[in-house]
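Here is the structure we will look at.
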Amino acid sequence: DCPLGTISAPAGCGKSTLLAQWGAVDPRRFAFVSLEASENDPVELWNCIVIAVGQAVPSFGSGVKPMLGSVGGTAIGPLVRRIAAELDQLSEPVVIVPDDYHVINNPACHASVAALIGHPASGVCLALSTRADPAVPLGRLRASGELVAIRGSDLAFTPEETEELLNGTKGLALAADGLAIIQRRTEGWPAGLELASLGLREPADRDEFLRSFGGSNRHVVDYLTEVVLD
């Protein structure tokens, strides 16, 4: 029920999976926005958000879309205030989820998001999913109990969850010491556990795999290269 939520965790921690699971059980309408680097502009950013909200709640957007077609850089403030006002008039609650917010590094975009946070609309929750803490002011909301912050440590698998995944779901029948090694090497990183499970199905000598598994593992290297470095 908080007006702002942040899910801030590295790649492969399950942020998007968590958001999808949340949307599946929450009765509110969800407006998912999968951000790309091309949206690193206030007008493009808000155009994507307005379209997503309009898809979730068809009655939204009639008063905002004309402004988006003619707005200039100096008019972002009035645009955001108009969006906030129209959100406040919605007849049903909605959750706006800008996913991959870490691709946004334009200060003007951060300022516009901060402006919306400063003009909260009733029944609207903004949930920012990002690999790094969003560059928006959070102190006031945190101090007033109006912020829910989920971090990588919250998404990391516990030893019990690691055992459930590897021995339960994956059926690997690892001994306790093997599970402890994987837990220590991955620190509960969900993508790391999945990649480890792939390797544990392949080698004849599991002990050697467990001794050598780490950042130089080819599956880990491929993942980090494609998802992070590229």
Spell out, as yes or no, whether a donor-acceptor pair under 3.5 Å connects the side chain of [X] to the backbone of [Y].
| X | Y | value |
| --- | --- | --- |
| Glu86 | Ser62 | yes |
| Trp189 | Ala11 | yes |
| Tyr101 | Ala127 | no |
| Asp154 | Arg151 | yes |
| Glu164 | Thr169 | no |
| Glu163 | Gly168 | no |
| Arg185 | Gly192 | no |
| Asn106 | Asp41 | no |
| Thr130 | Ala132 | yes |
| Thr158 | Glu161 | yes |

Would you mind reporting whether [Y] and [X] have side-chain heavy atoms less than 4.5 Å apart?
| X | Y | answer |
| --- | --- | --- |
| Leu19 | Ile7 | yes |
| Ile150 | Thr6 | no |
| Ile104 | His110 | yes |
| Leu147 | Cys2 | no |
| Leu179 | Pro159 | no |
| Thr186 | Leu195 | no |
| Gln89 | Ser59 | no |
| Lys65 | Val50 | yes |

Below 6.0 angstrom between ring centroids: does that apply to Phe30 and Trp22? yes

Smallest separation among heavy atoms of [X] and [Y], with atom names:
| X | Y | answer |
| --- | --- | --- |
| Cys13 | Pro190 | O-CG, 3.5 Å |
| Ala156 | Glu187 | CB-O, 3.7 Å |
| Pro10 | Gly152 | CD-CA, 4.5 Å |
| Pro3 | Leu141 | CG-CD2, 4.5 Å |
| Leu45 | Cys109 | CD2-CB, 3.9 Å |
| Arg140 | Ile117 | NH2-O, 3.9 Å |

How many angstroms lie between [atom1] in [X] and [atom2] in [Y], if you round to the nearest 0.5 Å?
| X | Y | atom1 | atom2 | value |
| --- | --- | --- | --- | --- |
| Leu174 | Ser197 | CG | OG | 10.0 Å |
| Leu126 | Ile49 | CG | CD1 | 7.0 Å |
| Leu229 | Tyr223 | CG | OH | 11.5 Å |
| Leu200 | Ile182 | CG | CD1 | 5.0 Å |
| Arg206 | Arg211 | CZ | CZ | 14.0 Å |
| Ser38 | Glu44 | OG | CD | 7.0 Å |

Evaluate the side chain to side chain contact (heavy atoms under 4.5 Å, CB included) criterion for residues Val124 and Val95: first the C-alpha distance (whole Å), next the side-chain angles of each, then the deciding distance (0.1 Å), finally the verdict. CA-CA 6 Å; Val124 175; Val95 180; over 6 Å; no

Show, in sequence, the C-alpha distance, side-chain angles and deciding distance for Ile51 and Val33, and conclude whether the side chain to side chain contact (heavy atoms under 4.5 Å, CB included) test is met. CA-CA 9 Å; Ile51 290 173; Val33 187; over 6 Å; no

Would Glu39 and Val103 satisfy side chain to side chain contact (heavy atoms under 4.5 Å, CB included), going step by step from the backbone distance to the final call? CA-CA 8 Å; Glu39 276 90 56; Val103 303; over 6 Å; no

Shared hydrophobic cluster for [X] and [Y] (ILVMFWY, side-chain gaps under 4.5 Å):
| X | Y | value |
| --- | --- | --- |
| Met67 | Trp46 | yes |
| Phe209 | Leu172 | yes |
| Leu198 | Phe157 | yes |
| Leu116 | Leu90 | yes |
| Val228 | Leu155 | no |

Option from Val227, Asp222, Val220 for which side chain to side chain contact (heavy atoms under 4.5 Å, CB included) with Leu224 holds: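 Result for side chain to side chain contact (heavy atoms under 4.5 Å, CB included) with Leu224: Val220.
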
I need the single residue from Val97, Asp99, Ile96 that forms a side chain to side chain contact (heavy atoms under 4.5 Å, CB included) with Phe32. Which is it?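 That would be Val97.
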
Establish, from distance only, whether the side-chain atoms of Asn105 and Asn40 form a donor-acceptor pair under 3.5 Å. yes

Any ion pair linking Glu194 and Lys170 (charged N to carboxylate O, less than 4.0 Å)? yes

Electrostatic pair Lys15:Asp100 at N-O distance under 4.0 angstrom: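 No salt bridge links Lys15 with Asp100.
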
Does the pair Leu68 and Val64 meet the rule for a side chain to side chain contact (heavy atoms under 4.5 Å, CB included), with working shown? CA-CA 6 Å; Leu68 282 166; Val64 176; 4.1 Å; yes

